[in-house]
Protein chains: 2
Amino acid sequence: MSAELAPIRSKPAYRRVADALRDRILDRTLREGDRLPPETELARQFDVHRSTVREALRELQSSGLLIRRPGSKRLAVTRPTPGIIAQGISRALAMHETTYLDVWEALTVLEPPIAESAARRRTRANLERIAAAAQRFAAENADADLAVHHVAAFFRTIGEATRNRVLMLAQEPLLQLLEPSLRAMINRVPQARARIATAQRRIREALERGDAAEARAWMIRHVRDFRRGHELAGLVTTHRVHFRRAAE
Amino acid sequence: MSAELAPIRSKPAYRRVADALRDRILDRTLREGDRLPPETELARQFDVHRSTVREALRELQSSGLLIRRPGSKRLAVTRPTPGIIAQGISRALAMHETTYLDVWEALTVLEPPIAESAARRRTRANLERIAAAAQRFAAENADADLAVHHVAAFFRTIGEATRNRVLMLAQEPLLQLLEPSLRAMINRVPQARARIATAQRRIREALERGDAAEARAWMIRHVRDFRRGHELAGLVTTHRVHFRRAAE
DNA sequence: GCCGTAGGATTGTCGGACAATTCGTCCATT
DNA sequence: AATGGACGAATTGTCCGACAATCCTACGGC
């Protein structure tokens, strides 16, 4: 007979304020680009103290719904960028027992279909961006950090070409987590840059022809190469990924 | 000759405190399960006011690194759960122009390889959880909300069987976003439940046999059915997804 | 019309206060 | 030795108020 009693825990005010604001943003009462009212005004409207409002604001800020535009005082409503979101994902993955092998497996799953889809939907503008990214990688012969950055950018431009936000967002954390090990690999495996450049070229050409099967096939090789290179570099793929991003 | 001057913007104290704490968590100085020191103590250590500390705490709390255990006062260090992370992703996707078609496409990409991988790695325990989830769905003939919940749970158990956090995390937002439209579909398409139950059974059997190809094949059909059902129900797949999750 | 400036508005941070809850410990009871 | 209060200490949630630093704006000068 003992009914399961719902635990009664009225939410603290800062959370109610955050929820209320988030609702206003999601239902577009507050639209993207709008500047938020001043804290004192919000405090007045919600009938709480300004400190309480500020706690709520920090919450929304860290989930990427509010942003302070550089050189501006007021907060503005914004859509969370893939980068911000992926940062949270990357941290979460780094805290769980995620290995480079896991990341690589996910790349294997995601990237070939992404390449395929990109081959079907890419526009002229996409192709230009893809070519530019490949070009930048090919031109960067010194700085490994930059090279790695350009590799990630290449994948991103392909993701954009799919026009599917879900896929773009899904691949972003992989790119973030891949960077450190990719950098190590490029430094230790001499032929790595050339192999990457070749794969990028073949993928790019396939995308230009709209050849989905070929784009997929080369993407598969490209991703497989990452693992090969990883092993050649003596990196252990079952090591846990790590991720830091605080200083800026 | 004009050197690119780095914009000097010393971060506000609440952000520095948040960064410092986040670093301590990521480098495991503060370990999972540890209770955080009291706010006054943190304020003393960082030499800032307690309000400032509280703003930092809200930030970490919303990124899922700190949690208040039910019926507890102190905050505890924790790993962000897939659910929490995916919530942020879902919101982000809902704010961009993400359509149900996008979600469905991502399901098409992700789920078959997940099923394949699960077929290779599943343990006895996984199989039991998968069977239990399928059982719960089959037994739920009334409440559409519950049925939908069980469908998502079925996918989650399969994701767990892959033992790959990245894949698990990638599929979570899809499940969250799928729920509303899936609920509508189940309510409007009479044969939907039966088709889902059949697919679940075939997938489960394939997983039990460790038959990766068959698991993949049935998962493909299963996901395709979602779209068919969607269309049969007269739901427009190019509508934007929406996501709310505030009350609790 | 463009530009600089003064005053107003807004944020970042602080000091302090107090009620409500939870924590921890000590003691009585079974 | 477990169990179950009892109670003061510790901690959080919320508020009030204050002030410097910075951003914003509107006004007046060129």
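To find a chain, count down the sequence lines: A is the first, B the second, and so on, and within it residues start at 1.
For the pair A:Arg58 and A:Glu55, the salt-bridge criterion is not met [side-chain N within less than 4.0 Å of a carboxylate O]. A salt bridge between A:Glu97 and B:Arg79 is present, with a side-chain N of the basic residue lying under 4.0 Å from a carboxylate O of the acidic one.
Between the CZ atom of B:Arg44 and the C1' atom of D:dA10 there is a distance of 15 Å, given to the nearest Å. To the nearest angstrom, P of D:dT12 lies 11 Å from CD of B:Glu41. Going from atom CG of B:Leu75 over to atom C1' of D:dA10 covers 15 Å, rounded to whole Å.
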Practice problem: Give the B/S/- string for nucleotides 14-21 of chain D, one per nucleotide from 5' to 3', where a protein heavy atom under 4.0 Å of the base yields B, of only the sugar-phosphate yields S, and otherwise -. | Solution: BSBBB--B
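For the pair B:Pro38 and A:Ser72, both in contact range of DNA chain D, the more 5′-proximal nearest nucleotide belongs to B:Pro38.
Using a 4.5 Å cut-off on side-chain heavy atoms (C-beta onward), A:Arg22 and A:Glu59 make contact. Side-chain contact between B:Thr238 and B:Tyr100 is absent, with no heavy atoms from C-beta onward closer than 4.5 Å. Side-chain contact between B:Arg74 and B:Leu36 is absent, with no heavy-atom pair separated by less than 4.5 Å.
Judged by distance alone, the side chains of A:Arg121 and A:Asn126 never bring a donor and an acceptor atom under 3.5 Å apart. Judged purely by distance below 3.5 Å, without hydrogens or angles, the side chains of A:Ser51 and B:Ser51 never pair a donor atom with an acceptor atom.
First and last contacts of DNA chain C with chain B, using any nucleotide atom under 4.0 Å from a protein heavy atom and ordered 5' to 3', fall at C:dG12 to C:dG24.
In this structure, the side chain of B:Gln171 engages the main chain of B:Phe155 through a donor-acceptor pair within 3.5 Å.
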